[in-house]
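Working notes, structure below.
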Protein chains: 2
Amino acid sequence: MKRVTLEEVARVAGVSRATASRVVNGASSVDESLRHAVQKAISSTGYLPNIAARSLVTRRADAIGLLLPDERRMDGDPHLASVVSGVTRVVRPLGIHLVLMMTGPGTREQALSDLRCGRLDGVILVHTDPADPVPGQLIAAGLPVVLAGRPLRPMPITYVDVNQTAGAALAGRRLKSLQRNRIATITGPQDTAAGQDRLAGFLAEVPDAVVVHGDFTRQSGIAAMERLLRCCPDVDGVFIASDLMANGAIPVLHRNGRKVPADVAVVGFDDSSAALTSEPELTTVRQPISDMAAEMARQLLRQIEQPRSPATSVMFEPSLVVRDSG
Amino acid sequence: MKRVTLEEVARVAGVSRATASRVVNGASSVDESLRHAVQKAISSTGYLPNIAARSLVTRRADAIGLLLPDERRMDGDPHLASVVSGVTRVVRPLGIHLVLMMTGPGTREQALSDLRCGRLDGVILVHTDPADPVPGQLIAAGLPVVLAGRPLRPMPITYVDVNQTAGAALAGRRLKSLQRNRIATITGPQDTAAGQDRLAGFLAEVPDAVVVHGDFTRQSGIAAMERLLRCCPDVDGVFIASDLMANGAIPVLHRNGRKVPADVAVVGFDDSSAALTSEPELTTVRQPISDMAAEMARQLLRQIEQPRSPATSVMFEPSLVVRDSG
DNA sequence: CAGGATTGGGAGAGCGCTCTCACGCCAATC
DNA sequence: GATTGGCGTGAGAGCGCTCTCCCAATCCTG
């Protein structure tokens, strides 16, 4: 149960600690026979490098943070698992840890100091409040950050997003191709980039659409659909800016005697699990969340490798998943 | 941008590094005036302790791991966010990091070595495969572990679970109180403790129930309900061992002309987000996931504090959430 | 074959922190 | 007034690792 140190490995292999270290780190130019001796010593002693010691000298934590909004705001967020899995895919093979931080009082400041004291090499920020000063502080300090989703106000920060506008346009074209001519949309919150872009992209395609506002939550989808039916009973096609809202809205249609998609075609956005638990299953705009998360991880690693490299943004193309609702 | 070290704080405060360290760690007996001087020096220099250096000597990583099944098996797991948030609540105030690891090739071995090399102080294992040797190895090595859910085969390991049997009995009593007399159940996988217990608990209450097997996934709920209706068309009450299965099963009932709950009452299990996205909303057995997760974290911390302390298990009581489906 | 260039390996200096230990100081005791 | 005890403080020894020297050995080149 005693710890094996590099010192001991070196002793067993009959080399110096420096050489043993070179072998461990796969470094250059070690004689083949010595390399073998060290490797044998490593496996015979069961040596594992002490990360803290390494970290102390390399000034790398080999850990990145994932800052998430808290449970309440996630509202059964369909994405969390996909995000984690995408990031993990990139980061694990490099032995880098993924530290999860759910937003709560003082979390972001916590993350900031973790970054400063070298406990974290970088962070990925998800669903950041536009008023949050932390992203700004981070980039000001030249610390590696990547945002999930375009920030509302332009800032020199790296982010990864899906082309929300194009996605909404996809939905608009779909509804038009279904020969719907009384088309409406239930929007996301207009103080987020995603909410704004999905509306703008849809209106570009269907300029005369009726607009009812929601905030991405299921509850707001229910309320919005009720309002919509009241003000516009002859609606025959709706683009709902999140699957979660659509999931709440469809039962409202049923209760009001509308068949989906016969009477009202519905197209959602996200292709989250809510798309499959809806009846009928949702036609929706898919974002490649897991791939986007992987890209965020890559962007972050690049920044860690090359500090103060210029901010870039990567845009993914959405696709339409046709199911039964529209 | 240069790092501030304890050395420097000490210099500024005019004390020795040892004394500065005592102040930082809130330790015993430092003269009030010196304490003040050090605190002033800390804030004026913006000092943050280097965790790696501390970790190197304390042999504590101040990080715990959360081992999760991979994305596919989570199947839009309703729990992930709650688990994370429960653990976070306990762990954050102590400055302990939560490292997320999704199961993939070699993940568990990875976790094991992270533990051994002191990169992680302990791990919480969620949804462990009964055949998985890792939990056994961990306890054999005397490393701190907590399981989410009772292990299938009894082993001397600390775990936190909900009283599954009692929960299923709750569901059984509910269906009986609704005067149903042709009662069935769709089970979870019988190679998991949860699957077994929910069936046993239900049968204890409704011994003559018709049993159809599922595996907790939505898809299996659909298939199981189809089978059930074929073999037992006069069924008027069903306990479905997971909300996700129930979510899939209810549309099957509708398609076959059954009203829920008028013709067939449905009770689920989990009180996950799937309970709310069902139509009608599910009556279900609630597990206090977030509280359970918090308790797991506490148990783990206790083990870290007192290694080789005896394994304990904590059981939470489930409750029935009555909604519209039964 | 001499001289320089190249290469592999070892010694050792830290990285920033904690913690033991010993010392100095002052109050309490005889 | 000398001795004891306690308490606060500082000196310094590591924790386990990486990495920069520097030296020895080998290689090439004219």
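Just so we're on the same page: letters track the sequence lines, and every chain starts at 1. Every heavy atom of this structure was used, including side-chain atoms; hydrogens, water molecules and symmetry mates were not.
Relative to the side chain of A:V57, the nucleotides D:dC17, D:dG10, C:dG16 differ in distance, and D:dC17 lies closest. Nearest to the side chain of A:T5, among C:dG9, D:dG14, D:dC17, sits D:dC17. Which of C:dC15, D:dT9, C:dG9 sits closest to the side chain of A:L56 comes down to C:dC15. Checking D:dG10, D:dG16, C:dG9 against every side-chain atom of A:D31, the shortest atom distance belongs to C:dG9. Which of D:dC17, C:dC15, D:dA11 sits closest to the side chain of B:S16 comes down to D:dA11. You'll find that the side chain of B:A53 is closest to C:dG16, out of C:dT18, D:dC19, C:dG16. Comparing atom distances between the B:T58 side chain and each of C:dC19, D:dG16, C:dG8 picks out C:dC19 as nearest. The A:R59 side chain lies nearest to C:dG16 when the options are C:dG10, C:dG16, D:dC19. Closest to the A:A18 side chain, of the nucleotides C:dT18, D:dG16, C:dA11, is C:dA11.
Put simply, CZ on A:R35 is 13 Å from C1' on C:dG9, counting in whole angstrom units. Going from atom CZ of B:R119 over to atom C1' of D:dC15 covers 18 Å, rounded to whole Å. Remark: P of D:dG16 and CZ of A:R3 are 7 Å apart, rounded to the nearest angstrom. B:E32 has its CD atom 10 Å from the P atom of D:dT9, to the nearest Å. Between the CZ atom of A:R60 and the P atom of D:dT18 there is a distance of 13 Å, rounded to whole Å. Going from atom CG of A:L6 over to atom P of C:dA11 covers 14 Å, rounded to whole Å. The CZ-C1' distance, from B:R54 to D:dC17, rounds to 19 Å in whole Å. Remark: C1' of C:dC17 and CG of B:N25 are 9 Å apart, rounded to the nearest angstrom.
Residues B:G14 and B:R17 both approach DNA chain D. Their nearest nucleotides, taken by heavy-atom distance, put B:G14 toward the 5′ side.
Using a 4.5 Å cut-off on side-chain heavy atoms (C-beta onward), B:L66 and B:M101 make no contact.
Look at A:S21 and you'll find a side-chain N or O under 4.0 angstrom from OP1 or OP2 of D:dT18. Between A:T19 and C:dG10 there is a side-chain N or O to OP1 or OP2 distance below 4.0 Å. Of the side-chain N and O atoms in A:N50, none sit less than 4.0 angstrom from OP1 or OP2 of D:dC15.
At a cut-off of 3.5 angstrom, the base of C:dG10 holds at least one donor-acceptor pair with the side chain of A:R22.
At distances below 3.5 Å, not a single donor-acceptor pair connects side-chain atoms of B:E7 with backbone N or O atoms of B:R17. Side-chain atoms of A:S16 come within 3.5 Å of backbone atoms of A:T19 as a donor-acceptor pair (strictly under, hydrogens ignored). Judged purely by atom type and a 3.5 angstrom limit, B:T158 uses its side chain to pair as donor or acceptor with the backbone of B:T312. For B:D161 (side chain) and B:R150 (main-chain N/O), a donor-acceptor pair under 3.5 Å exists by modelled atom type.
A salt bridge is defined here as a Lys NZ or Arg NE, NH1 or NH2 lying under 4.0 Å from an Asp or Glu carboxylate O, and A:E109 with A:R116 fails to meet this definition.
Residue contacts shown for B:L34 are limited to sugar-phosphate atoms, with no base heavy atom under 4.0 Å away.
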